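Have a look at the structure below, then the notes.
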Number of protein chains: 2
Amino acid sequence: MELAVDLAILTVREEQLQVLIIERDNEPFQGWPALPGGFMRPGEPLYAAAVRELAEETGLDAAPLHLEQLATYGDPDRDPRGRVVSVAYLALAPNLPIPRAGSDARAASWVPVESVAGRLAFDHDEILDKAVDRARSALEYTTLATAFCGETFTMGDLRGVYEVVWGVRLDPRNFSRKVVGTEGFVIPTKAKRAQDTGRPATLYRRGPATTLYPAMLRTKE
Amino acid sequence: MELAVDLAILTVREEQLQVLIIERDNEPFQGWPALPGGFMRPGEPLYAAAVRELAEETGLDAAPLHLEQLATYGDPDRDPRGRVVSVAYLALAPNLPIPRAGSDARAASWVPVESVAGRLAFDHDEILDKAVDRARSALEYTTLATAFCGETFTMGDLRGVYEVVWGVRLDPRNFSRKVVGTEGFVIPTKAKRAQDTGRPATLYRRGPATTLYPAMLRTKE
DNA sequence: ACAAAAGTGTTCAATTTACACCCATGG
DNA sequence: CCATGGGTGTAAATTGAACACTTTTGT
């Protein structure tokens with residue numbers, strides 16, 4: 001029996017929720033889009049395997065990323081090669097430059113989640129579904145939205161993350177008040193960022209808080 | 001590499017959150033309390049393995065229980081016998097009769113979570129922690145509290161689940177109104193249940209709803 | 001001066017909380 | 001008829017939603 005790791009790496013780019021997709025260059029599913037991943041090595045801890053695959057397949061450094069275990073998939077026929085049980089990880093990344101092709105020469109690129117849903121190899125559609133679901137919930141109950149932002153970010157950046165991941169519009173004023181009013185969510189810096197026009201926005205850093213009480217309420221669908 | 005399944009089976013008994021614990025009769029950790037579990041069979045789906053272990057070790061039938069995947073544990077040295085990766089499952093059970101000892105003659109019994117926390121074999125303390133955490137959250141955002149009740153239950157029973165799992169007191173009147181007011185949470189039956197004293201309570205069945213909007217608010221700590 | 005985006009103050013509605021009160025049953 | 005727990009009504013307090021308005025910049 002083989003044990004593998006698969007990665008659903010999400011980011012917010014171009015006003016869309018995007019996922020890092022590779023094109024498979026080997027059978028099975030040669031030429032298909034798939035989540036990056038690979039087999040675990042003997043004696044390797046799960047988390048370490050996820051970090052290693054992340055680096056190998058995408059060139060991304062896991063250190064600044066949020067990386068958490070998502071679920072484990074073990075259908076006996078999920079891989080035509082035989083029994084492969086896969087531990088899926090979810091990573092949330094800021095809007096990074098398009099990663100280079102990995103060492104095993106697969107083309108890696110950011111792709112809007114909507115445009116690949118239903119087209120992935122193996123049971124990766126199911127994994128991606130769950131990853132998106134988890135990301136949406138995480139925004140409600142935790143401060144993880146900051147994981148989609150860089151080291152510093154404006155209130156507008158952070159609000160954009162919520163708007164894209166949830167697919168809703170949020171009132172900038174109420175949003176700002178809620179975030180600033182939540183102890184430890186963000187820390188204002190002295191710096192500001194000017195854009196093309198308009199009043200420059202304060203830049204914030206992540207605060208120490210991880211859970212949100214009260215939760216960010218997603219307008220009931 | 002071996003793949004195993006471990007089960008954190010929770011129930012509410014005697015005003016306490018209790019977990020099903022077995023006493024290990026083999027090395028390693030012989031004589032220690034542990035979560036029920038065992039090795040997966042070749043070609044067996046993960047969920048099926050969880051159901052099978054539940055039946056084998058505790059005599060419980062999984063069909064009426066809520067059973068969900070919790071997380072996967074794969075520290076290289078979590079089992080002294082060698083590399084064992086374990087998929088942990090969480091089960092929520094109503095207050096069932098004390099299960100018989102399993103087929104492999106281990107003593108299985110309900111034990112208050114508080115009294116075993118920190119004493120379990122392997123990394124089962126970590127698993128149990130996560131299970132309790134998940135159960136607490138589930139009560140906030142889903143209708144899973146009913147999984148701790150039998151086929152029918154009174155508002156007091158359901159409220160008792162919340163009070164025990166969260167360790168708080170809830171106002172019976174507001175609780176009742178909130179539950180009844182949440183579309184599809186519970187369905188009233190014609191039957192009532194009389195207790196030693198007091199007005200007989202209406203018996204309810206589970207409704208079709210699974211998620212709670214708005215959430216049950218846990219009084220901020 | 002104007003447009004555009006950041007941020008503040010204020011009001012109204014919805015929700016939660018607290019608690020007085022009535023209902024139905026066993027002893 | 002009293003104790004006990006189930007269930008309803010209602011007002012105060014808290015919270016969220018909407019939006020007018022002021023601030024600060026580039027052009």
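In the text below, chain A, chain B and the rest are named by the order of the sequence lines, each starting its count at 1. From a predicted model like this one, the values you see are computed outputs, not experimental measurements.
- Counting non-hydrogen atoms under 4.0 angstrom, Arg159(B) reaches the backbone sugars and phosphates but no base.
- Between Phe122(A) and His124(A), the two ring planes are tilted [angle within 30° to 60°].
- Listed candidates were dG7(D), dA18(C), dC19(D). Nearest to the side chain of Arg199(B) is dG7(D).
- Residue order along DNA chain C, read from the 5' end via each residue's closest nucleotide, puts Ser176(A) first among Ser176(A) and Arg173(B).
- In this structure, Arg193(B) atom CZ and dG6(D) atom P are separated by 10 Å, rounded to whole Å.
- Within the 4.0 angstrom heavy-atom criterion, no nucleotide atom of any strand lies near Lys192(A).
- For the pair Glu56(A) and Arg52(A), the salt-bridge criterion is met [side-chain N within less than 4.0 Å of a carboxylate O].
- If you find the closest nucleotide of DNA chain D to Thr202(B) and to Gly198(B), the one lying nearer the 5' end belongs to Gly198(B).
- Rounded to whole Å, atom P of dT15(C) lies 14 Å from atom CE of Met216(B).
- Rounding to whole angstrom units, CD of residue Glu163(A) and P of dA5(C) are separated by 13 Å.
- Look at Arg193(A) and Asp157(A) and you find a salt bridge, because one of the NZ, NE, NH1 or NH2 atoms lies within 4.0 Å of a carboxylate O, short of that distance.
- Atom C1' of nucleotide dT15(D) and atom NZ of Lys178(A) are separated by 8 Å, given to the nearest angstrom.
- Atom CZ of Arg169(A) and atom C1' of dG16(D) are 20 Å apart (whole Å).
- At a threshold of 4.0 Å, the pair Arg78(A)-Asp6(A) counts as salt-bridged, since one of the basic side-chain nitrogens sits closer than that to a carboxylate oxygen.
- A salt bridge links Glu163(B) and Arg159(B); the closest N-O separation between the charged side-chain nitrogens and carboxylate oxygens is under 4.0 Å.
- The distance from atom CG of Leu203(A) to atom C1' of dA6(C) is 12 Å, rounded to the nearest whole Å.
- Regarding Leu170(B), its CG atom lies at a distance of 14 Å from the C1' atom of dA18(C), rounded to whole Å.
- Taking the nucleotide of DNA chain D with the nearest heavy atom to each of Tyr204(B) and Thr197(A), the more 5' of the two is matched to Tyr204(B).
- Using a 4.0 Å heavy-atom distance criterion, Ala194(B) is classed as making no nucleic acid contact.
- Of the candidates dG7(D), dG9(D), dG7(C), dG9(D) carries the atom nearest the Arg177(B) side chain, counting heavy atoms from C-beta on.
- Distance CG (Asn174(B)) to P (dA12(D)): 16 Å, rounded to an integer number of Å.
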